[in-house]
Number of protein chains: 2
Amino acid sequence: MSSAPPQLRTLDHPDSAEIRLEDVLHALSDPARLHVVHYLAGGGEASCSEIDLAVSKSTSTHHFRVLREAGVIRQVYRGTAKMSCLRREDLDTLFPGLLEAVLRAYETRCVPRA
Amino acid sequence: MSSAPPQLRTLDHPDSAEIRLEDVLHALSDPARLHVVHYLAGGGEASCSEIDLAVSKSTSTHHFRVLREAGVIRQVYRGTAKMSCLRREDLDTLFPGLLEAVLRAYETRCVPRA
DNA sequence: GCCGTAGTACGACGGATATCGTACTAGCGT
DNA sequence: ACGCTAGTACGATATCCGTCGTACTACGGC
């Protein structure tokens with residue numbers, strides 16, 4: 001039997017009003033995390049393992065947590081996977097143009113022409 | 001006597017092409033440095049001591065160096081003072097809209113209504 | 001020449017960060 | 001029930017970062 005709990009494993013997300021500019025900038029100041037954000041900007045949602053970071057699983061978990069705790073991404077469990085997506089609306093409301101500028105800069109200067 | 005050297009004390013600035021997005025984002029991810037950048041965005045030029053960071057002189061020097069080495073500001077010696085200014089054109093060329101978005105976000109959310 | 005002011009250099013120190021490996025838990029499929 | 005896959009937790013470690021104080025250098029004025 002089971003009481004069908006809707007959210008077994010819950011994840012801490014900062015409220016929109018708690019998101020701080022410095023934290024977001026810090027979260028974005030790492031190549032691996034920029035890569036994740038850029039990836040998520042393309043599709044809507046992705047599992048952690050689908051994004052290749054060339055680091056160990058624990059390190060990957062760490063980077064996703066930094067992004068989540070800074071308020072950059074939102075994560076939910078779906079089956080055995082943990083899906084991540086950008087908090088685009090929240091970020092655009094709080095810091096208009098910031099995400100777009102970072103993404104554009106990243107594409108222009110960090111992706112060496114695919 | 002003196003051979004009148006044009007630049008006694010020289011300061012290392014990254015070339016425009018060497019400025020990296022991660023470094024800029026990291027440089028901007030500290031409240032004290034954001035404060036400096038915001039201050040410099042107002043006037044054109046300022047000496048280090050004119051911007052009150054509420055930290056010791058050495059710490060202040062450190063923050064200015066981080067900003068300079070990331071390519072965010074340019075510094076020159078003028079007499080006993082060291083003047084700093086934003087590398088606005090370089091940044092706008094490399095990362096269009098980024099500085100503006102950060103400054104706007106800072107004013108909106110980090111300056112508690114002066 | 002001497003002093004004051006502006007900033008640097010250096011070393012220390014505590015706290016955060018990036019990284020890893022290993023051992024663990026949660027769901028899914030068979 | 002069993003095992004596979006996805007991700008977590010935890011501890012270790014090395015490095016970086018923000019901060020400070022003290023001792024130093026550079027320039028300008030008296």
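Remember, predicted model here, so these are calculated numbers, not experimental data. Letters A, B, ... are given to chains in the order of the sequence lines, protein chains preceding strands, and every chain is numbered from 1.
Rounded to whole angstrom, the span from the CZ atom of A:Arg65 across to the P atom of C:dT19 amounts to 14 Å. Rounded to an integer number of Å, the gap from B:Gln75 CD to C:dA6 P is 16 Å. Rounded to whole angstrom, the span from the CG atom of B:Leu11 across to the P atom of C:dG7 amounts to 12 Å. Put simply, CG on A:Asp12 is 15 Å from C1' on D:dT8, counting in whole angstrom units. Atom NZ in A:Lys57 sits about 16 Å away from atom P in D:dC10, given to the nearest Å.
Minimum interatomic distance between A:Leu40 and A:Ala46 (heavy atoms only, all atoms of both residues): CD2-CB, 3.7 Å.
Under a cut-off of 6.0 angstrom, the local environment of CD in A:Glu89 is sparse, with at most 12 non-hydrogen atoms contributed by other residues, nucleotides or ligands.
Annotation: side chain of A:Gln75 is not in contact with side chain of A:Cys85 (no heavy-atom distance under 4.5 Å). The shortest side-chain heavy-atom distance between A:Arg65 and A:Ser60 does not fall under the 4.5 Å cut-off.
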Scan nucleotides 16-18 of chain D against the protein and return all N/O pairs shorter than 3.5 Å with their distances rounded to 0.1 Å.
residue, atom, partner, partner atom, Å
D:dG18, OP1, B:Arg33, NH1, 3.3
D:dG18, OP1, B:Arg33, NH2, 2.9
D:dG18, OP2, B:Arg33, NH1, 3.3
D:dG18, OP2, B:His62, NE2, 3.1

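With B:His63 contributing its side chain and B:Thr61 its backbone, the two residues share no donor-acceptor pair below 3.5 Å. With hydrogens and angles ignored, the 3.5 Å screen pairs a side-chain donor or acceptor of A:Glu18 with a backbone N or O of A:Asp15.
With hydrogens and angles ignored, no donor-acceptor pair under 3.5 angstrom links the side chain of B:Lys82 to the base of C:dG7.
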**OP:** Go through the steps for A:Asp12 and A:Arg68 under the test salt bridge (charged side-chain N to carboxylate O under 4.0 Å, His left out), then give the verdict.
**Re:** CA-CA 8 Å; A:Asp12 234 30; A:Arg68 173 168 48 81; over 6 Å; no
Under 3.5 Å, which donor-acceptor pairs do the side chains of residues 94-106 of chain A form with other protein atoms, sequence neighbours left out?
none

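Considering only side-chain N and O atoms, A:Tyr77 lies under 4.0 angstrom from the phosphate OP1 or OP2 of D:dT8. At C:dG21, none of the side-chain N or O atoms of A:Ser58 fall inside 4.0 Å of OP1 or OP2 (strictly under the cut-off).
Proximity of residues 37-53 of chain A to DNA chain D (heavy atom under 4.0 angstrom from any strand atom) is restricted to A:Ser47, A:Cys48, A:Ser49.
Where A:Val55 and A:Gly79 meet DNA chain C, the nucleotide closest to each residue was compared, and A:Val55 sits on the side nearer the 5' end.
For A:Ser56, the side-chain atoms get nearest to C:dC20 when compared with the rest of D:dG21, C:dC20, D:dG7. Looking at the side chain of B:Thr80, the nearest of the listed nucleotides C:dG21, D:dA6, D:dG28 is D:dG28.
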